[in-house]
Amino acid sequence: MKIKTRTHNICKILKAIYPHVKTQLQHRNPFELLVATILSAQCTDKQVNSVTKKLFDTLASPDDFVNASLEDIEKLIRPTGYFRNKAKNIRNCSKMLMEKYNGDVPGTLEELLELPGVGRKTANVVLGAAFGIPGMVVDTHVKRISKRLGLTKNTDPAKIEFDLMKIIPQKEWNDFGLRLIYFGRAVCKARKPNCPDCPLCHLCEYSDKSA
DNA sequence: CTCCCGATAT
DNA sequence: ATATCAGGAG
């Protein structure tokens, strides 16, 4: 079967299972989403949400983060891991927002990628969820599942991003990434993928058909 | 390629 | 007790 038609079938099935998808990261504005997404590096959304309520209650704006001590920020975000790097990144990021964007979050991929602690995954999450701009988020779930499904042969997330953009219609980019993430958490898990109950089993090169 | 770190599954 | 999970920077 051709890659595009196979992909189309995969899209259709995922859309039927997860009709409405959105980031699980709790946020009330683009800045909170940006911070939450930086925190989500190598960390589950659930874990991020467990710290952001108190974090944003204490520090609400880029200005607040710039004026806070690194120690205070570190203390608030510690459970998300890599807290020294993240605290530094979020504060420097806030400083750049103040200096270059009047405290607003910029709305292009290029500008977002300039921000400390913001890579392609984070930038695409913010583009999609805060600005409604098409972007293909390639996190660990998207990477794992794309490879298992045979949608890419690449290992580099940026290359996977471009591979997926070629075979998925642009309108679907944001939702497709989100759906793979939902699907990755529930079925196509890193440790014990539930192949026997998988709705994509027949379209999958990886699937364990023996069970 | 290495470093950064806590939480959870096994 | 330890392996595994989860992105970005240098």
Side-chain angles (χ1 to χ4, degrees), chain A residues 21-27 30-55 65 70-97 105-106 108-130 135-148 152 154-165 173-174 176-195 197 206 208 211:
Chain A
V21 285
K22 61 177 194 317
T23 333
Q24 299 303 104
L25 294 169
Q26 288 164 20
H27 63 282
F31 178 68
E32 288 190 358
L33 177 63
L34 176 63
V35 173
T37 312
I38 291 173
L39 291 176
S40 79
Q42 299 287 100
C43 179
T44 61
D45 289 1
K46 191 167 173 276
Q47 198 63 28
V48 173
N49 290 335
S50 77
V51 309
T52 46
K53 185 167 169 44
K54 186 176 181 200
L55 176 65
F65 277 89
L70 277 182
E71 292 70 31
D72 286 346
I73 301 175
E74 287 173 3
K75 200 170 294 181
L76 286 162
I77 67 173
R78 193 173 44 231
T80 65
Y82 304 136
F83 58 89
R84 291 185 189 86
N85 284 340
K86 288 176 182 176
K88 214 174 297 173
N89 284 149
I90 292 169
R91 207 169 65 149
N92 289 336
C93 183
S94 297
K95 189 182 291 183
M96 196 176 292
L97 294 183
V105 177
T108 70
L109 182 64
E110 295 69 34
E111 290 170 315
L112 286 166
L113 289 175
E114 296 289 321
L115 301 169
V118 178
R120 302 195 67 88
K121 179 259 184 178
T122 299
N124 279 312
V125 167
V126 172
L127 277 184
M136 186 65 76
V137 172
V138 179
D139 75 339
T140 188
H141 297 290
V142 176
K143 174 177 171 176
R144 179 181 69 252
I145 298 168
S146 300
K147 287 177 73 73
R148 284 180 179 173
T152 181
N154 283 303
T155 307
D156 171 30
K159 289 183 180 169
I160 295 177
E161 187 184 325
F162 297 129
D163 285 343
L164 294 178
M165 289 192 295
W173 289 354
N174 291 320
F176 182 75
L178 256 353
R179 289 189 177 109
L180 283 193
I181 292 168
Y182 277 52
F183 179 62
R185 291 204 266 245
V187 181
C188 197
K189 293 177 284 193
R191 296 185 201 227
K192 283 190 337 188
N194 191 359
C195 299
D197 295 329
Y206 170 95
D208 177 12

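In what follows, chains carry the letters A, B, and so on, assigned in the order in which the sequence lines appear, proteins first and then strands, with residues in each chain numbered from 1.
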[M] and [N], which share atom name [atom1], separated by this distance in whole Å:
N: B:dA7; M: C:dA9; atom1: P; result: 23 Å
N: C:dG8; M: B:dT8; atom1: C1'; result: 22 Å
N: B:dT10; M: C:dA6; atom1: P; result: 13 Å
N: B:dC5; M: C:dT2; atom1: C1'; result: 16 Å

**Asked** Can you find a heavy atom in the side chain of A:Asn174 that is under 4.5 Å from one in the side chain of A:Leu127?
**Response** no
Does a donor on one side chain sit under 3.5 Å from an acceptor on the other, for A:Thr44 and A:Gln47?
no
* Asked: Among side-chain atoms of A:Ser40 and A:Lys121, is any donor-acceptor pair under 3.5 angstrom?
  -> yes
If you look at every heavy atom in [X] and [Y], which pair is closest and at what distance?
X: A:Cys93; Y: A:Ile38; answer: SG-CD1, 4.2 Å
X: A:Gly184; Y: A:Ile145; answer: CA-CD1, 3.4 Å
X: A:Gly117; Y: A:Thr122; answer: O-OG1, 4.3 Å

A correct 5'-to-3' footprint of nucleotides 5-10 of chain C, with B, S and - meaning base, sugar-phosphate only and no protein heavy atom under 4.0 Å, is SBBSS-
Sorted by chain and residue number, the salt bridge (Lys or Arg N to Asp or Glu O under 4.0 Å) partners of A:Asp163 (sequence neighbours excluded) come out as A:Lys166
Quiz item: Reading DNA chain B 5' to 3', which nucleotide is the first, and which the last, to come under 4.0 Å of any heavy atom in chain A?
Solution: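 Nucleotide range with atoms under 4.0 Å of chain A: B:dC4 to B:dT10.
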Query raised in the report: Does NZ in A:Lys147 sit with more than 12 non-hydrogen atoms of other residues, nucleotides or ligands closer than 6.0 Å?
Result: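 More than 12 within 6.0 Å, yes.
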Could you say whether A:Arg78 or A:Lys192 is positioned toward the 5' end of DNA chain B, judged by the nucleotide with the nearest heavy atom to each?
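Comparing both residues, the 5'-ward one is A:Arg78.
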